[in-house]
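Only one structure is covered here, and it is reproduced in the block below.
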Amino acid sequence: QVMVQESGGGLVQAGDSLRLSCRANGRTFSTYAMGWFRQAPGKKREFVASIIWDGEATNYADSVKGRFTISRGDAKNSLTLQMSSLKPEDTAVYYCAASRALRNPEDGSGYGYWGQGTQVTVSS
């Protein structure tokens, strides 16, 4: 069984930075890609960023390009999301997801394993 766990959310002010972490644990889990998604109140879940494990190719939503950076963590199957220049519209529950194989890293349906989410609140 694979478990995905996020950490690092919190309450910050606009313009601040915040770092989210995630780890996928599973005895036989072999990561192909991991990603971050977010869901604000009353809105659909949206793609934020993704990274392909082999080669470390990354993708970002236009709304976060230049402000957020996704990277592999030091531990096996771990992931970080460095967020800077945060805006109130970044307020959401952020979810980490992992996949053994997928065609479109921006499509959440391709990820088989999800964390419970961590709240990020940016005040103006």
Side-chain angles (χ1 to χ4, degrees):
Q1 184 175 355
V2 177
M3 295 185 63
V4 179
Q5 182 67 50
E6 309 95 339
S7 63
L11 171 63
V12 297
Q13 293 185 331
D16 284 353
S17 298
L18 196 62
R19 181 185 176 100
L20 303 183
S21 297
C22 170
R23 187 167 184 181
N25 292 304
R27 182 175 299 179
T28 61
F29 184 69
S30 178
T31 304
Y32 173 76
M34 294 186 75
W36 289 97
F37 291 77
R38 68 186 182 187
Q39 187 168 18
K43 295 186 177 181
K44 294 182 178 179
R45 183 182 66 193
E46 64 175 2
F47 168 77
V48 175
S50 66
I51 184 167
I52 305 299
W53 238 234
D54 182 12
E56 301 188 31
T58 57
N59 285 282
Y60 294 94
D62 288 342
S63 59
V64 306
K65 279 182 182 177
R67 300 188 298 121
F68 290 11
T69 302
I70 188 172
S71 61
R72 294 174 59 172
D74 293 333
K76 182 180 179 182
N77 293 335
S78 65
L79 184 70
T80 66
L81 183 68
Q82 180 66 46
M83 306 183 292
S84 59
S85 302
L86 283 162
K87 305 175 182 180
E89 50 263 45
D90 293 318
T91 295
V93 176
Y94 283 70
Y95 297 90
C96 176
S99 175
R100 292 177 174 172
L102 76 168
R103 292 184 177 182
N104 181 3
E106 298 184 17
D107 182 356
S109 66
Y111 293 81
Y113 308 97
W114 292 81
Q116 294 298 309
T118 185
Q119 177 70 47
V120 173
T121 303
V122 184
S123 63
S124 57

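- The only option from T121, V122, V64 that meets the side-chain contact (heavy atoms from CB on, under 4.5 Å) definition with L86 turns out to be V122.
- The closest side-chain heavy-atom distance from I70 to L79 is below 4.5 Å.
- Sorted by first and then second residue, the side chain to side chain donor-acceptor pair (under 3.5 Å) pairs with a member in residues 84-94 read R38-D90, R38-Y94, R67-D90; sequence neighbours excluded.
- A donor and an acceptor atom, one from each side chain of Q5 and S7, are nowhere located under 3.5 Å apart.
- Expressed to the nearest 0.5 Å, how far CD1 of I52 lies from CE of M34 amounts to 11.5 Å.
- Nearest heavy atoms, N59 versus P105: ND2-CG, 4.0 Å.
- Looking at M83 and L20, their side chains come closer than 4.5 Å, going by heavy atoms from C-beta outward.
- Taken from CG in D74 to OG in S21, the straight-line distance is 10.0 Å, to the nearest 0.5 Å.
- At least one donor-acceptor pair closer than 3.5 Å links the side chain of E6 to the backbone N or O of G117.
- Across all non-hydrogen atoms, the minimal contact from S99 to G110 is OG-O, 3.1 Å.
- Heavy atoms only, all atoms of each residue included: A24 and V2 are closest at CB-CG1, 4.4 Å.
- The closest donor-acceptor contact from the side chain of Y95 to the backbone of G35 lies at 3.5 Å or more, if one exists at all.
- Between T58 atom OG1 and R72 atom CZ the span is 13.0 Å, to the nearest 0.5 Å.
- The aromatic rings of F37 and W114 lie tilted to each other, with the angle between the two planes from 30° to 60°.
- From T118, atom OG1 reaches atom CG of L81 across 11.0 Å, with rounding to the nearest 0.5 Å.
- Side chain of R19 to backbone of G8: no donor-acceptor contact under 3.5 angstrom is found.
- Side-chain contact between D62 and Y60 is absent, with no heavy atoms from C-beta onward closer than 4.5 Å.
- In plain terms, the two heavy atoms of V12 and S17 that are nearest each other are CG1-O, 4.3 Å.
- Across all non-hydrogen atoms, the minimal contact from R45 to S109 is NH2-N, 4.4 Å.
- In Q116, the CD atom is not crowded: 12 or fewer heavy atoms of neighbouring residues, nucleotides or ligands sit closer than 6.0 Å.
- Atoms CE and OH, on M3 and Y113 in that order, are 13.0 Å from each other to the nearest 0.5 Å.
- Distance alone, capped at 3.5 Å, places no donor-acceptor pair between the E56 side chain and the I51 backbone.
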